[in-house]
Amino acid sequence: MKVFDSISGLQQYLAEAKKKNRTIGLVPTMGALHKGHESLVKRCAAENDECVVSVFVNPTQFNDKNDLVTYPRTVESDCALLEAAGCTAAFVPSETEMYPEPDTRVFDLGPVAAVMEGPRRPGHFNGVAQVVSKLFDIVKPDKAYFGEKDFQQIAVIRRLVQLLAFPIEIVSCPIIREADGLALSSRNTRLTAEQRKIAPVIARTLNESLALAPKKSVNEVIAFVTDTINRVPGMEVEYYEIVDGYSMQPVTDWSETAYPVGCITVYCGEVRLIDNITYAN
């Protein structure tokens, strides 16, 4: 595996690969890599001749500056994981390399970015669009891989691809979970031992709610999930919405969508955890 900290170095390497008609896959990450990221890298490596993984904590997508400061940075162990998983080129740029000047671009991300995380994290998705569009321009991949834990983010990136006419296939990959069901996340490392014991109630409750749909109404299922989790001391649901899995728009009746997905954000103490589940319809 080669490690690049400059855009020019990576592009030179990829130009040689393209001359040989080698296919290129990209996995954008913010580091603090775990088995969820590893699954994306392995799939990318299996489906492409070159597997490029970026490791960059993007400042423009943090609406909470404290979150940016506390975000874990583990480049050495990240690179060891990447090499073992089949990455051929790791891109580990500095902030000045990615943003030699402030990025003032504002994207029209449409309705998919206007719900759930959108209003609760102002500027977050625009920051995601800034960094992902830069990575797409730098790498020019054939395919890019994203985890379904950040379900709304995938819809935003598909919108970005459409908006900027990138000839890139977006590949969404299943959530990887701990044995007790907790969705793998870099934020899990911030949970205390006690919080880590209660956090799996999120996935457990979502799974229990599958038995209620579609016999119960959408609102009844939302109430069941929210009330069940909120009864656990130390847990507080920020939102739970059942949406159309393509448009991200909330539904009030199961008949409104062929692809109902429940998206949840829960505070476990100070740590903000997200998860989602797809309902059969």
Side-chain angles (χ1 to χ4, degrees), residues 36 63-64 109-122 124-125 128 146-159 172-185 187-188 190-191 194-281:
N63 58 311
D64 178 350
L109 297 170
V112 294
V115 294
M116 296 189 294
E117 295 293 283
R120 292 173 175 89
R121 300 181 68 187
H124 169 69
F125 284 133
V128 169
F146 296 88
E148 288 177 359
K149 185 177 72 69
D150 296 296
F151 191 80
Q152 187 178 6
Q153 178 177 274
I154 295 174
V156 168
I157 288 163
R158 290 192 195 282
R159 166 67 180 162
S172 62
C173 303
I175 298 173
I176 304 298
R177 299 182 180 277
E178 298 280 11
D180 58 12
L182 181 64
L184 284 175
S185 169
R187 292 171 191 269
N188 294 352
R190 292 169 53 194
L191 296 170
E194 283 306 307
Q195 289 168 342
R196 180 61 189 81
K197 282 180 192 168
I198 61 172
V201 75
I202 302 169
R204 192 160 62 243
T205 305
L206 291 178
N207 279 318
E208 287 170 3
S209 76
L210 289 175
L212 304 180
K215 291 175 284 190
K216 299 284 187 182
S217 72
V218 168
N219 284 341
E220 286 172 320
V221 173
I222 290 172
F224 165 78
V225 170
T226 305
D227 295 346
T228 303
I229 295 172
N230 281 345
R231 278 199 297 270
V232 178
M235 304 285 277
E236 185 182 352
V237 175
E238 184 178 16
Y239 67 83
Y240 183 55
E241 292 191 18
I242 295 175
V243 303
D244 175 84
Y246 299 110
S247 71
M248 298 295 113
Q249 300 310 294
V251 298
T252 55
D253 192 274
W254 300 111
S255 63
E256 291 173 25
T257 177
Y259 184 19
V261 179
C263 296
I264 195 163
T265 296
V266 180
Y267 276 98
C268 185
E270 296 293 310
V271 184
R272 193 172 186 269
L273 302 175
I274 65 172
D275 205 340
N276 60 79
I277 196 161
T278 300
Y279 293 95
N281 199 355

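None of these values were measured; they are calculated from a predicted model.
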Output, in order, the C-alpha distance, side-chain angles, deciding distance and verdict of side-chain contact (heavy atoms from CB on, under 4.5 Å) for Phe224 and Thr205. CA-CA 8 Å; Phe224 165 78; Thr205 305; 4.1 Å; yes
Return the [atom1] to [atom2] distance between [X] and [Y], rounded to the nearest 0.5 Å.
{"X": "Gln153", "Y": "Met248", "atom1": "CD", "atom2": "CE", "result": "11.5 Å"}
{"X": "Thr278", "Y": "Glu148", "atom1": "OG1", "atom2": "CD", "result": "7.0 Å"}
{"X": "Leu273", "Y": "Glu238", "atom1": "CG", "atom2": "CD", "result": "11.0 Å"}
{"X": "Asp150", "Y": "Ser172", "atom1": "CG", "atom2": "OG", "result": "12.0 Å"}
{"X": "Ser185", "Y": "Ile274", "atom1": "OG", "atom2": "CD1", "result": "7.0 Å"}
{"X": "Tyr279", "Y": "Ile242", "atom1": "OH", "atom2": "CD1", "result": "4.5 Å"}

*asked:* Can you confirm whether Glu270 is buried at CD, in the sense that more than 12 heavy atoms of other residues, nucleotides or ligands lie under 6.0 Å from that atom?
replied: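 Atom CD in Glu270 is not crowded, with 12 or fewer foreign heavy atoms closer than 6.0 Å.
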Indicate yes or no for a side-chain donor-acceptor contact from [X] to the backbone of [Y] under 3.5 Å, with no hydrogens or angles considered.
{"X": "Asn188", "Y": "Ala183", "value": "yes"}
{"X": "Trp254", "Y": "Ala280", "value": "no"}
{"X": "Gln152", "Y": "Val112", "value": "yes"}
{"X": "Asn276", "Y": "Ile264", "value": "no"}

Shortest non-hydrogen separation from Cys268 to Ala199 and the atoms involved =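 Closest heavy-atom pair between Cys268 and Ala199: SG-CB, 4.5 Å.
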Do the side chains of [Y] and [X] get nearer than 4.5 Å, heavy atoms only?
{"X": "Val243", "Y": "Val115", "result": "no"}
{"X": "Tyr246", "Y": "Arg158", "result": "no"}
{"X": "Met235", "Y": "Ile202", "result": "yes"}
{"X": "Glu256", "Y": "Asp244", "result": "no"}
{"X": "Gln249", "Y": "Pro111", "result": "yes"}
{"X": "Arg196", "Y": "Leu182", "result": "yes"}

*asked:* Whether Arg120 and Glu117 form a salt bridge (side-chain N of Lys/Arg under 4.0 Å from carboxylate O of Asp/Glu) is what I want to check.
replied: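 Result for this pair is no, no salt bridge flagged.
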Report task. Determine, stepwise, if the pair Val237 / Val225 fulfils side-chain contact (heavy atoms from CB on, under 4.5 Å). Result -> CA-CA 9 Å; Val237 175; Val225 170; 5.8 Å; no
Does any donor atom in the side chain of Ser217 or Asn219 lie under 3.5 Å from an acceptor atom in the other side chain?
->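 No, no side-chain donor-acceptor contact under 3.5 Å.
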